[in-house]
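These notes are about the structure you will find just below.
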Amino acid sequence: MHTLDLFEATEQNLDQRLGPAAIVLRGFALPDVPALIPALDIICQQSPFRLMVTPGGFTMSVALTNCGAQGWTSDRRGYRYTRIDPDTGAPWPIMPEVFARLANRAATAAGFDDFEPDACLINRYLPGNRLSLHQDKNERDYDAPIVSVSLGMPARFLFGGHARNAPTVKVPLHHGDVTVWGGVDRLRYHGVLPLKDEPHALLGSQRINFTFRKAG
Ligand code: MD3
Ligand code: FE
């Protein structure tokens with residue numbers, strides 16, 4: 001094996017601290033994948049992925065849906081959390097137990113006890129889709145962390161600072177990786193570079209990301 005291969009294996013398998021209260025737990029979700037995928041399919045049957053429009057009038061390239069008591073939506077009037085899916089007129093699908101338990105265990109592993117998310121925003125990236133630098137600040141209290149689960153194709157995540165123009169660090173995220181952000185890192189700017197088409201064995205040419213939040 002070449003030295004380079006050893007280095008890459010190391011980077012993919014070791015947990016990575018990104019800030020005082022931000023960490024990547026490599027492969028943390030892998031044991032749950034067989035339960036997560038069918039649960040996701042049921043959610044998508046009830047509240048399908050859709051493209052949302054920003055207050056500025058741009059259509060996002062990343063498609064999204066939600067599960068849990070609260071769901072994140074966007075339209076010309078602004079960003080907000082709602083209890084009703086505006087596309088179906090029904091409540092968002094219930095958050096599956098396997099989702100909530102995974103988020104709670106990841107938060108505990110990162111030092112945040114008793115995380116009980118009431119919202120899970122589900123993003124679907126197709127090749128070329130990106131998420132520009134932003135802060136997550138539509139949640140009521142910033143004390144709770146955000147837990148993110150990556151599935152499918154790898155992505156290059158951008159981890160920035162507290163100002164939009166602060167330098168960013170590129171972090172590769174792979175199938176099964178879980179990240180936790182809280183405390184002083186909770187309001188950092190972040191984004192995702194345009195997705196390369198590197199089809200995944202289980203999910204094909206897409207990347208799915210769950211972000212668990214305490215919204216209400
Ligand atoms: C860092 N999603 O849905 S998850 C989002 O991969 C979002 O789909 C990205 O940003 C994705 O809002 C990134 C990782 C993440 C989530 C929330 C954060 C990183 C964060 C909040 C503060 C700092
Ligand atoms: Fe975000």
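We count residues from 1, following the sequence as given. First listed ligand is number 1; within each ligand, the first listed atom is number 1.
Ligand 1 has R207 within reach: a non-hydrogen atom of the residue lies less than 4.0 Å from it.
By the 3.5 Å distance cut-off applied to N or O atoms, S148 is not counted among the residues near ligand 1. Polar contact with ligand 1: present for H134 (N/O pair, distance under 3.5 Å). Checked against a 3.5 angstrom limit, the closest N/O atoms of R186 and ligand 1 fall outside it.
Judged by distance alone, with hydrogens and angles left aside, the side-chain atoms of H175 form no donor-acceptor pair with the main-chain N or O of S150 at under 3.5 Å.
The side-chain contact (heavy atoms from CB on, under 4.5 Å) test with S61 is passed by exactly one of N129, L195, L131, L51: N129.
Considering the Fe ion (ligand 2) as centre, the angle to OD1 of D136 and to NE2 of H134 is 90° (10° rounding).
The environment of I37 atom CD1 is dense: over 12 non-hydrogen atoms of other residues, nucleotides or ligands sit within 6.0 angstrom. No more than 12 heavy atoms of other residues, nucleotides or ligands shown are found within 6.0 angstrom of CZ on F58. Annotation for R140: atom CZ does not count as buried by contact number, only 12 or fewer foreign heavy atoms lying within 6.0 Å. Around the CZ atom of R77, the shell of radius 6.0 Å holds no more than 12 heavy atoms that belong to other residues, nucleotides or ligands. E198 CD: more than 12 foreign heavy atoms inside a 6.0 Å radius.
Atoms of ligand 1 lying under 4.0 Å from any heavy atom of D185, numbered from 1 in the order shown and given with element: 22 (C), 23 (C). Here is the list of ligand 1 atoms found below 4.0 Å of a heavy atom in R213: 3 (O), 5 (C), 12 (O). If you number the atoms of ligand 1 from 1 as listed, the ones under 4.0 Å from a heavy atom of L121 come out as 3 (O). When each atom of ligand 1 is checked for a heavy atom of V192 under 4.0 Å away, the hits are 6 (O), 9 (C), 11 (C).
For the residues F159, Y189, W181, F157, the heavy atom positioned nearest atom 13 (C) of ligand 1 is part of F157. Atom 2 (N) of ligand 1 has its nearest heavy-atom neighbour, among T179, L158, N123, in N123.
Remark: minimum distance from atom 21 (C) of ligand 1 to any protein heavy atom is reached at H190 CE1, 3.4 Å. Atom 7 (C) of ligand 1 has as its closest protein heavy atom L131 CD2, 3.5 Å. With respect to atom 17 (C) of ligand 1, the closest heavy atom belonging to the protein is D136 OD2, 3.3 Å. In this structure, the protein non-hydrogen atom closest to atom 9 (C) of ligand 1 is Y125 OH, 3.7 Å.
Comment: D177 engages R26 in a salt bridge, judged by a side-chain N to carboxylate O separation of less than 4.0 angstrom. With respect to the salt-bridge test (charged N to carboxylate O, under 4.0 angstrom), the residues R80 and D75 qualify.
Annotation: side chain of F99 is not in contact with side chain of V149 (no heavy-atom distance under 4.5 Å).
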